[in-house]
Amino acid sequence: MKKILITGKNSYVGNSFEKWLANFPGEYAIEKISLKEESWRDYDFSINDTVLHVAGIAHVSTDPNMEELYYKVNRDLTIEVAKKAKSQGVKQFVFMSSIIVYGDGSKESKVIDKDTIPTPSNFYGKSKLEAEEGIKSLESENFKVAIVRPPMIYGKGSKGNYPKLSMAAQKLPIFPNIDNERSMLHIDNLSEFLRLMVENEESGLFFPQNKEFVKTSEMVKYIAEFHGNGIKLVEVFNPVLNYLSGRIGIINKMFGNLVYDHYLSRYKSDYHVRSLEESIIHTESNKSDEEKIDILLMSDNGLETVGGEQESTKIIIDGLKNKFKVGVAQPGLVKKKLPEVNYYHLTTETRIKHVIKNPISFFKYILKSRKIIVTKKPRIIHTQAQVSFFIVSLFKKLRLIPREIKLVHTERGLYTKYSGFFKKLFLFFMKELNTLVTTTEFNMNHWMEAIFEKRISVDYKVIENTAGQLFETYEEELEKEKLDTITIGFAGRYTDWKNWPLAVDISKRLNEQLGNKLHVKMAVGCLDDKAKIDTKEMFNDLYRVLGGRFNGKINISLEEMNQLYYDIDVFILTSNYNTESFGRTLIEAMSRKTAVLSTNAGGSVEVVGNINNICESSDGFVTQVMKFYNNNELLKKEKEKNYVRVKEIYSLNNNISKHKFLYENLLNTQE
């Protein structure tokens, strides 16, 4: 079995090559790494036979400010990776260069043969050529270097000029009939060629291309005919385009001449698995179906903001992205995108509540939401918060989206917490709902009582929250050191209903009894400047009382939260009565073998699962913490019991399995 390392974790060529090798089960093992983070330098290359280096800046830019970056990434990084591969005993290094090392296309015939000297016309081409020269000097008997200079690559999911041509072919009534020739390479032909490079342990310079040269206008006509568009090729624009061809880069790319001599592209094995016509059919076929998604998750808040809705959405995406075609529509941009997931941002604002303040912006938000739904045609829409639910329900009620779309809503708010107006609004729109999801039986019972009273027909499902992948494994070396002290912890957003004054009061009362035996940690999520100011005032108050035994942090990462839970003995949730539908921080803490206490905040009582750990006042919390402090065996048993409870009820597998079952049942009813 050949072991191949692909550098460029999200590259089109790398991902396509990996999929192609799936046609040869048992013959190849693939690993992919990203070079964007410094951690790649610690990766052990020695376990691989070949490194396929496709990482780099793929598009051509004329911005002089980009020049240094091009050389740093396309040249310097390539040479550095090749040196590491050689030093760690990798046998072969395959580098993805480009036909651009020969310059751009031109209106005159431009045929590249074995005697053609590279003359790059921009720093993209120059950086590739200098990378070639740098890695070629590393070649030895035990380190083979294969340099591949492909022409324009196209195929399903490709970027660049092909999608633009495809769109033009489907929409335009006419298209310029310029007599030109281009070398092109379908992604499957390239993938097979790369497989042969690896299989035969090749070294040298290679020029793969399709068997046929391409005339741009003929390719557009092929695509148009496939989609039933009777496009006409006209020559009326030719004089203008010929004049502009040497002045505007995009004209050269579209209509210029740039081909490899066919002899140059020959190989001892035929790698042409698709003809030009077959490749177009394959690329264009089912494209509209591919753009459709199975499940569209709609969120009121950007996934990179703090909150239970956001974390739950990310858990569903990560767990089911390989089982369904998943899309996410949300406010705000997503920086950390998963390649298997489609992201649609509805506004630059990160929270929908900021958009609602401007009626015009909110109306645009609603229109954009509908456009995404109508265009992508999801089979299921799963709303994760209230406003998204109201918007989609309104679309269904007014028949502005297909009626066959199934609507699922996860209600994270307690029924008892809403005003009479919002209760009526929810029940009015729930007539459009297929399945209602809550995270606790406690919350579901309140909702179902109201739904049954209104005789609304809706399925319902309880899917318990989970802490997520980070909290699935327990690392004993991160445990708090066993001392004669006790550490209590508080975490959550800074809002009135989280009742932070109670947390302060508990801390001060325990300090009166325990003195320097008490340590307090707080992690507070602040969504605005006022919350930050109030939180810092609270922290200062506790610093004055506890000194260095208090540690308070604002807006920390999930990894830092994880360490906080390891550091504490008792986690306390102080939320007001009937304000918590679940309380994710409780299971995060429980997964770290932490005792947990809570007010009678609603669903949190069900999560804690021990009525003795539900307290109504500062005195009750102080009494229970003192019991744990004075009886180490009791504290130890409570910690172990919580750890088991999370594994049995609130595991990642439980959450993902229940969502998978829910989606599969809804999809099956549509077939």
Please tell me if the side chains of Phe363 and Pro359 come closer than 4.5 Å, counting only heavy atoms from C-beta onward.
no
Using a 3.5 Å distance criterion without hydrogens, assess whether the side chain of Trp500 forms a donor-acceptor pair with backbone atoms of Arg493.
yes
Please examine the side chains of Asn445 and Tyr415, heavy atoms only from C-beta on, and report whether any two atoms are closer than 4.5 Å.
no
Exercise: identify the closest heavy-atom pair between Val458 and Leu436
CG2-N, 4.0 Å
Are the side chain of Lys321 and the backbone of Asp318 linked by a donor-acceptor contact shorter than 3.5 Å?
yes
Can I get a per-line list of side-chain donor-acceptor pairs under 3.5 Å for residues 297-308, giving both atom names and the distance, sequence neighbours left out?
| from | atom 1 | to | atom 2 | distance (Å) |
| --- | --- | --- | --- | --- |
| Ser299 | OG | Asn301 | N | 3.2 |
| Ser299 | OG | Asn301 | O | 2.7 |
| Ser299 | OG | Glu309 | OE2 | 2.5 |
| Asp300 | OD1 | Ser388 | N | 3.0 |
| Asp300 | OD1 | Ser388 | OG | 2.6 |
| Asp300 | OD2 | Val387 | N | 3.0 |
| Asn301 | OD1 | Arg351 | NH1 | 3.0 |
| Asn301 | ND2 | Glu309 | OE1 | 2.7 |
| Glu304 | OE2 | Lys335 | N | 2.5 |
| Glu304 | OE2 | Lys336 | N | 3.1 |
| Thr305 | OG1 | Gly302 | O | 2.5 |
| Thr305 | OG1 | Gln310 | NE2 | 2.8 |

Kindly say whether Val13 contributes a backbone atom to a donor-acceptor pair with the side chain of Ser16 at under 3.5 angstrom?
no
Any side-chain heavy-atom pair of Tyr566 and Glu475 under 4.5 Å:
yes
For the residue pair Pro331 and Ile352, what are the closest heavy atoms and their distance?
CG-N, 4.0 Å
Evaluation steps, side chain to side chain contact (heavy atoms under 4.5 Å, CB included), between Leu346 and Ser369:
CA-CA 7 Å; Leu346 297 162; Ser369 298; 3.7 Å; yes
Can you list every salt bridge (Lys or Arg N to Asp or Glu O under 4.0 Å) pair that touches residues 407-428, not counting sequence neighbours?
none
Do Asn161 and Lys164 have side chains that get closer than 4.5 Å, going by heavy atoms?
yes
Any chance you could measure Phe550, atom CZ, to Met538, atom CE, to the nearest 0.5 Å?
6.5 Å
Considering only NZ, NE, NH1 and NH2 on the basic side and carboxylate oxygens on the acidic side, decide whether Glu664 and Lys660 come within less than 4.0 Å.
yes
So Leu77 and Trp40, do their side chains get closer than 4.5 Å, heavy atoms only?
yes
Donor-acceptor pair between Ser312 and Arg584 side chains, under 3.5 angstrom:
yes
Within a strict 4.5 Å, meaning less than it, do heavy atoms of the Ile153 and Ser158 side chains meet?
no
Looking at every heavy atom in both Thr466 and Tyr650, which two are closest together, and how far apart are they?
OG1-O, 3.0 Å
Determine whether Asn555 and Lys532 satisfy the following criterion, side chain to side chain donor-acceptor pair (under 3.5 Å), listing intermediate values before the conclusion.
CA-CA 9 Å; Asn555 292 343; Lys532 287 182 182 179; over 6 Å; no
I need the Tyr663 OH to Thr435 OG1 distance, nearest 0.5 Å.
10.0 Å
Do Lys593 and Tyr474 meet the cation-pi criteria used here (NZ or CZ under 6.0 Å from the six-membered ring centre, within 45° of the axis)?
yes
Anything under 30° is parallel, anything over 60° is perpendicular, the rest tilted; go ahead and classify Tyr162 against Tyr154.
parallel
Examine distances only and state if a side-chain atom of Asn443 and a backbone atom of Gly413 form a donor-acceptor pair shorter than 3.5 Å.
yes
Side chains of Leu667 and Phe324: closer than 4.5 Å at any heavy-atom pair?
yes
All heavy atoms of His345 vs all of Gly332, minimum pair found to be CB-O, 3.1 Å
Correct closest heavy-atom pair for Val328 and Leu296 would be N-CD1, 4.0 Å
Can you list everything that forms a ring-ring contact (aromatic ring centres under 6.0 Å, His included) with Phe429? Sequence neighbours excluded, please.
Phe390
Asp569: what forms a side-chain contact (heavy atoms from CB on, under 4.5 Å) with it, not counting sequence neighbours?
Lys480, Ile486, Thr487, Leu635, Lys639
Please step through side chain to side chain contact (heavy atoms under 4.5 Å, CB included) for the pair Val520 and Phe490, ending with a clear verdict.
CA-CA 8 Å; Val520 178; Phe490 306 86; 4.0 Å; yes
Taking Thr594 for the side chain and Tyr565 for the main chain, is one N or O donor matched with an acceptor at less than 3.5 Å?
yes
So, do Val644 and Lys647 sit near enough that their side-chain heavy atoms are less than 4.5 Å apart?
no
Closer than 3.5 angstrom, by distance alone: can the side chain of Asn576 be matched with the main-chain N or O of Thr579 as a donor-acceptor pair?
no
Lys553 atom NZ: more than 12 heavy-atom contacts under 6.0 Å
no
Salt bridge (Lys or Arg N to Asp or Glu O under 4.0 Å) partners of residues 385-399, not counting sequence neighbours, each pair once
Lys397-Glu432
Checking the side chain of Thr574 only, and the main-chain atoms of Asn499 only, is there a donor and an acceptor separated by less than 3.5 Å?
yes
Residues Arg379 and Asp294 bridged, charged N to O under 4.0 Å:
yes
Check the angle between the aromatic planes of Phe389 and Phe426 and answer parallel, tilted or perpendicular using the 30° and 60° thresholds.
parallel
Spacing of CD belonging to Glu311 relative to CD1 belonging to Ile315, to within rounding of 0.5 Å:
6.5 Å
Quick check on Asp44: does its CG atom have over 12 non-hydrogen neighbours (other residues, nucleotides or ligands) under 6.0 Å away?
yes
Return yes if a side-chain donor-acceptor contact under 3.5 Å exists between Asn654 and Glu464, otherwise no.
yes
For the pair Trp20 and Ile187, evaluate side chain to side chain contact (heavy atoms under 4.5 Å, CB included) and give the outcome as yes or no after the intermediate values.
CA-CA 9 Å; Trp20 182 257; Ile187 187 62; over 6 Å; no
Test your reading of the model: is there a side-chain donor-acceptor pair from Asn562 to the backbone of Leu558, 3.5 Å cut-off?
no
Ile360 atom CD1: more than 12 heavy-atom contacts under 6.0 Å
no
Out of curiosity, Glu580 CD to Thr440 OG1, how far, rounded to the nearest 0.5 Å?
10.5 Å
Please check this pair: side chain of Glu472 against backbone of Leu652, looking for a donor-acceptor N/O pair closer than 3.5 Å.
yes
Between Val326 and Glu340, does the side chain to side chain contact (heavy atoms under 4.5 Å, CB included) criterion hold? Intermediate values first, please.
CA-CA 8 Å; Val326 179; Glu340 304 90 343; over 6 Å; no
Under 3.5 Å, sequence neighbours excluded: what are the donor-acceptor pairs made by side chains of residues 598-609?
| from | atom 1 | to | atom 2 | distance (Å) |
| --- | --- | --- | --- | --- |
| Ser598 | OG | Ser604 | OG | 3.0 |
| Thr599 | OG1 | Ser575 | O | 2.4 |
| Glu606 | OE1 | Glu441 | N | 3.2 |
| Glu606 | OE1 | Phe442 | N | 2.9 |
| Glu606 | OE2 | Glu441 | N | 3.0 |

On a heavy-atom basis, which atom in Tyr344 and which in Gly327 lie closest, and how many Å separate them?
CE1-CA, 4.2 Å
